[in-house]
Amino acid sequence: MSMASLLRIIPSPLILLLISITISASESHPMQGICSVECDTELTSSSGKILIKQGTVVNAHHKVLADVYIEDGIIVSVRPNIAVGDDVKVIDATGKYVMPGGIDPHTHLEMDFMGTGTIDDFYTGQAAALAGGTTMHIDFVIPINGNLSAGFASYVHKAKKSVMDYGFHMAITKWDEAVSKEMELMVKENGINSFKFFMAYKGALMINDELLLHGLEKCKSLGALAMVHAENGDAVAEGQKRIFDLGITGPEGHALSRPPVLEGEATARAIRLASFINAPLYVVHVMSIDAMEEIAKARKSGQRVIGEPVVSGLTLDESGLWDSDFTTAAKYVMSPPIRRTGHDKALQDALATGILQLVGTDHCTFNSTQKAFGYGDFRKIPNGVNGIEERMHLVWETMVESGKISVTDYVRITSTECAKIFNIYPRKGAILEGSDADIIVLNPNASFRISAISHHSRSDTNVYEGKTGKGKVEVTISGGRVVWEEGNLKITSGSGKYIKMPPFSYLFDGIDKADAAYLASLRSPVHRTGAAY
Ligand code: URP
Ligand code: ZN
Ligand code: ZN
């Protein structure tokens with residue numbers, strides 16, 4: 001068995017050990033760039049002081065030519081011509097962009113799903129993220145048998161090996177008084193300010209409208225953001241049966257069984273229910289024109305709806321699902337499905353014009369052996385694709401290099417907007433004095449090439465295989481440590497921090513006033529004179 005295959009099936013603590021033994025022996029190893037903290041002392045100054053010189057510092061609101069000085073994980077100063085002593089590591093960023101590290105709002109590391117587990121854990125997934133310029137992600141805690149505290153404890157354990165900062169959303173999969181109480185605990189004690197409701201995956205994670213209404217009410221009262229996976233799960237189950245009974249058993253059946261209309265319907269329903277409750281709503285992985293147009297309509301009417309496209313939806317089309325090779329076709333299976341060409345461009349335009357607000361990945365990776373569980377029955381192919389390492393490069397290529405958006409907007413959609421929505425701005429999502437030193441240096445004149453041979457995910461496939469473009473993240477600084485430079489990763493298991501996210505983000509400002517206006521508009525109860533019988 002090759003070392004690459006071995007690394008994909010063994011647990012990550014063993015990988016750490018193995019990597020430090022094998023790294024010098026195998027120059028062409030796909031993970032040769034990863035080293036644990038013991039094997040390299042050059043990437044960060046021992047004093048924890050870093051100066052990034054003469055780059056264009058980009059924030060969502062402004063860009064300026066300046067130096068950035070970092071001490072002990074915090075940005076101390078942003079201004080031109082900062083003079084420093086010999087104990088400071090200096091990074092020359094002349095001709096390059098210095099930007100906040102990416103924040104990925106949507107990942108699934110080490111998640112139990114569809115009878116298996118995602119192949120990237122909090123070590124390999126975050127290693128991949130850092131190599132691609134993402135310095136924080138928000139993962140979805142899945143309750144255990146509906147129990148939120150048990151789910152939270154399990155994710156706290158999984159995240160112990162973290163190498164960068166992370167936060168948690170939490171899924172709600174059943175409803176009773178205990179769940180309602182635990183939501184309170186999660187928000188007030190555990191730093192969770194968002195809850196996800198799956199309107200699909202019937203018989204597993206799916207909830208019904210009654211639960212969604214309870215959830216929206218509860219979220220609103222706690223100042224937590226309700227998120228939805230919007231597909232009509234009942235109709236999907238019917239669609240799957242219909243397509244399978246037609247003898248279509250391969251990966252293309254996945255797309256055929258859950259068409260855009262089912263995503264549009266569920267998106268519209270969730271939006272209307274959120275409007276009925278007057279609660280803000282976040283729609284995850286917007287994959288179709290149908291869903292995007294529902295969001296556009298709602299936002300135009302003044303409703304607080306956030307739409308999150310993901311890199312796969314923005315840059316791929318469904319043609320891969322028709323590939324004659326099963327392994328190739330199966331790697332594209334995710335839900336909602338990657339759509340026909342045309343949806344991708346429409347989502348890009350919606351992102352460029354502010355109809356959609358931020359980009360996630362839904363990084364939920366399974367290797368080809370796991371995908372093969374669904375050989376002969378597309379319903380059993382574990383749903384999910386990679387993206388945590390590729391997002392920053394592909395968004396740059398698709399949106400900035402193409403001239404669709406500015407560099408400041410790039411920072412907004414990859415980092416700042418996420419920090420604002422989840423209420424951690426300006427600690428994250430900004431290069432300001434006092435912000436966390438999570439920073440990337442991107443060279444707009446260098447180029448990237450994506451391949452499973454060189455990526456840092458544990459998966460043996462990559463849905464962006466062969467994609468190339470301009471704009472390369474050359475340096476990643478995470479918590480004031482240089483963790484990615486000259487193609488080398490220097491990461492330390494356990495160095496990542498859990499970022500608590502407080503409730504009542506800007507999306508809740510004025511909700512109380514709108515509620516008061518609604519109550520006043522009722523002109524009820526009417527005080528009537530007594531009946532005349
Ligand atoms: O196919 C997907 N999206 N897998 C991850 C779970 C989800 O629906 O977000
Ligand atoms: Zn989903
Ligand atoms: Zn997801």
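Counting starts at 1 for both ligands and their atoms, following the listed order. Side chains are part of it too, since the values below use all heavy atoms of this structure and drop only hydrogens, waters and symmetry mates.
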His455 and Tyr464: CA distance, side-chain angles, deciding distance, ring-ring contact (aromatic ring centres under 6.0 Å, His included) verdict: CA-CA 11 Å; His455 72 196; Tyr464 309 103; over 10 Å; no
Between His106 and the Zn ion (ligand 3), is there a contact where an N/O/S atom of the residue lies under 2.8 Å from the metal? yes
Keeping the roles fixed (side chain from Glu252, backbone from Trp322), state whether a donor-acceptor pair exists under 3.5 Å. no
Thr267 versus Glu263, closest heavy-atom pair with distance: OG1-O, 2.6 Å
Closest protein heavy atom (residue, atom, distance) for atom 3 (N) of ligand 1: Asp362 OD2, 2.5 Å
Going by the 4.0 angstrom heavy-atom rule, the piece of His229 near ligand 1 is side chain
Would you mind running through ligand 1 and noting each atom that sits below 4.0 Å from a heavy atom of Met334? 1 (O)
Could you identify the N, O or S atom of Asp362 positioned closest to the Zn ion (ligand 3)? OD1
Kindly say whether Ser162 contributes a backbone atom to a donor-acceptor pair with the side chain of Lys497 at under 3.5 angstrom? no
N/O/S atom name from His229 that is nearest to the position of the Zn ion (ligand 2): ND1
Answer yes or no for His108: is there an N/O/S atom below the 2.8 Å cut-off from the Zn ion (ligand 3)? yes
Side-chain heavy-atom pair Ile248, Ile243 within 4.5 angstrom cut-off: yes
Identity and separation of the nearest protein heavy atom to atom 1 (O) of ligand 1: Ser335 N, 2.8 Å
For ligand 1, which atoms have a heavy atom of Phe198 less than 4.0 angstrom away? 7 (C), 8 (O)
Just to confirm my output: which protein heavy-atom neighbour is closest to atom 8 (O) of ligand 1, and how far is it? Tyr201 OH, 2.6 Å
Starting from atom 4 (N) of ligand 1, what is the nearest protein heavy atom, named by residue and atom, and what distance separates them? Asn383 O, 3.1 Å
Which one holds for Lys196 and ligand 1: side chain close, backbone close, both close, or neither close, with close meaning a heavy atom under 4.0 Å? side chain
Can you find a pair of side-chain heavy atoms, one from Val228 and one from Val284, that are under 4.5 Å apart? no
Counting from 1, what ligand 1 atoms have a heavy atom of Cys364 closer than 4.0 Å? 4 (N), 5 (C)
Do His456 and Glu389 have side-chain atoms, one donor and one acceptor, less than 3.5 Å apart? yes
I'd like to know if Lys161 and Asp121 make a salt bridge, using a cut-off of under 4.0 Å between side-chain N and carboxylate O. yes
Is there side-chain contact between Ile119 and Gln370, with at least one heavy-atom pair below 4.5 Å? yes
Using a heavy-atom cut-off of under 4.0 Å, does the side chain or the backbone of Phe140 touch ligand 1, or both, or neither? neither
